[in-house]
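Any value given below was found using the heavy atoms of this structure, including those in side chains, with hydrogens, waters and symmetry copies removed. Every chain is numbered from 1, with letters handed out A, B, ... down the list of sequences. What you see is a predicted model; the values in this text were computed from it and never measured.
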There are 2 protein chains.
Amino acid sequence: MGLTRERIVDAAYAVLDEQGLSGLSMRRVAQDLDVRPGALYYHVANKQELLAEVAARILDGMPVAADARRGACDLRDALRRVRDGAEVVSFVLAFRPEGLAPSRAFPGLFADRLPAREARWAARTLVHYVLGAVAEEQNRTELVRTGIVADEPGRADEADEAFGFGLDAVLHGLGRG
Amino acid sequence: MGLTRERIVDAAYAVLDEQGLSGLSMRRVAQDLDVRPGALYYHVANKQELLAEVAARILDGMPVAADARRGACDLRDALRRVRDGAEVVSFVLAFRPEGLAPSRAFPGLFADRLPAREARWAARTLVHYVLGAVAEEQNRTELVRTGIVADEPGRADEADEAFGFGLDAVLHGLGRG
DNA sequence: ACCTGAACACCGTTCAAGT
DNA sequence: ACCTGAACACCGTTCAAGT
């Protein structure tokens, strides 16, 4: 069965969901595809490029939001769908600014009342907030999973409430409250 | 010369500032201290613990802020003082929540007008914003340094302006604008 | 064109043995 | 108590050689 870029991204995504970002190695992906590590490099330049592809897939199903609040909630949902989703997207955003869906779509959600560069800043503020909040949530989940920290009852509910609180504040401050 | 936990943290901090987070390995720290890697583990449990110590040092000089705006600006200054400072602190915040200075001090800056748990959420919102903004800034610097992306004139000024814009929004939304 | 085999230059961590 | 020597189980990446 021929190796393709797409099959590699599929396998990487599966490893991410099962093992988390720390378990996502090129060697592990290769092993799952019954192939030697070197073979991957015929289809993908390096691990960064593969991670960028995985990040794009995480954000792929995001609907086109009608307003900033929906956009933020859709982003949160997309990130939460896979283990360590926020961490992966943050990492890719670091070396591929403007490469991912929200960086392109979110400024438009502020363009009606803000000049272009301020709309970009507003979009970044919102994205930073969502990524930070979801990353904290998922890292907590990771710590619970490893047993380093005990699970608390109502943790998920509090996370939702806390996210809502911060989102309301950020949106209000950006003129959408 | 006897190895101590403090000398190890010093060396790690120096490596971070010179090589960035990606260059900060236990082996590199050991080499700079003229010692075998295994020796470090007599004074430090593992790399995570060492990174936590480095993060604490990054935030060490932070003054006690009178209000949320000053706190945010002080945090930004502290993070910017060392290469990849935001990334290190974010990483440590992930597995040591409540372990670092801002997590302990910032809620108090909102406690006068918000109930305790909302004050905590407000503090987290603010910290997420600052960490995200500075991380983006520093990653950009890193990309420029590597030559992957060209430096633009006025980049630093725009970063300051963008930070101010987002900070104003977040603070206003949190009732401090 | 596509993949293997094998290597290179690294990692974090452990642990018997030395002093 | 503190450090070395040496190993274990990994990494990402490259590249001649095979098909």
Requested in this report: Check the distance between C:dT4's C1' and A:Leu3's CG and give it to me in whole angstrom.
Outcome: 13 Å
Report summary line: Taken to the nearest 0.5 Å, the spacing of A:Glu118 CD from A:Phe110 CZ works out to 12.0 Å
Query raised in the report: How are the rings of B:Tyr129 and A:His128 set relative to one another: parallel (under 30°), tilted (30 to 60°) or perpendicular (over 60°)?
Result: tilted
Query - Interatomic distance, B:Asn46 CG vs C:dC11 P [rounded to whole Å] - result: 17 Å
**Report entry** Student check: side-chain heavy atoms of B:Tyr41 and B:Met26 closer than 4.5 Å
**Finding:** yes
Report task. Take atom P in D:dC10 and the same atom in C:dA9, then report the distance between them in whole Å. Result -> 22 Å
Query raised in the report: Going by number, which of residues 18-28 of chain B have a non-hydrogen atom under 4.0 Å from DNA chain D?
Result: B:Arg27
Query raised in the report: Within a strict 4.5 Å, meaning less than it, do heavy atoms of the B:Glu98 and B:Arg104 side chains meet?
Result: no
**Report entry** Interatomic distance where CD belongs to A:Glu49 and P belongs to D:dG12 [whole Å]
**Finding:** 15 Å
Query - B:Lys47, nearest nucleotide to its side chain (from D:dT13, C:dG12, D:dC3) - result: C:dG12
Query raised in the report: Between B:Arg36 and D:dG5, is there a side-chain N or O to OP1/OP2 distance below 4.0 Å?
Result: yes
Query raised in the report: For the atom pair CZ (B:Arg76) and CG (B:Asp160), what is the distance rounded to the nearest 0.5 Å?
Result: 4.5 Å
**Report entry** Donor-acceptor contact present, side-chain B:Arg7 to main-chain B:Gly2, <3.5 Å
**Finding:** yes
Query raised in the report: Whole Å only: how far is the CZ atom of B:Arg7 from the C1' atom of D:dC2?
Result: 13 Å
Query raised in the report: Taking only N and O in the side chain of A:Tyr42, is any of them less than 4.0 Å away from OP1 or OP2 of C:dC3?
Result: no
Query raised in the report: Would A:Arg83 and A:Glu18 pass as an ion pair if we require N to O under 4.0 Å?
Result: no
Query raised in the report: Between atom CD in A:Gln31 and atom P in D:dG12, what is the gap in whole Å?
Result: 12 Å
**Report entry** Atom-to-atom span, CG of B:Leu40 to P of C:dT14 - whole angstrom
**Finding:** 12 Å
Requested in this report: Measure from the side-chain N and O atoms of B:Arg57 to the backbone N and O of B:Val9, and report whether any donor-acceptor pair falls under 3.5 Å.
Outcome: no
Query raised in the report: Would you call A:Glu137 and A:Arg155 a salt bridge, using N to O less than 4.0 angstrom?
Result: no
Report summary line: In DNA chain D, stems of three or more consecutive pairs, Watson-Crick or G-U, each with both distances under 3.5 Å, turn out to be C:4-8 with D:12-16, C:12-16 with D:4-8
Requested in this report: Quickly work out the B:Leu33 CG to D:dC2 C1' distance and round it to whole Å.
Outcome: 14 Å
Report task. Could you check which of D:dC3, D:dG12, D:dG5 has an atom nearest any side-chain atom of B:His43? Result -> D:dC3
Report task. Take atom CG of A:Leu51 and atom C1' of D:dC11, then tell me their distance rounded to the nearest Å. Result -> 14 Å
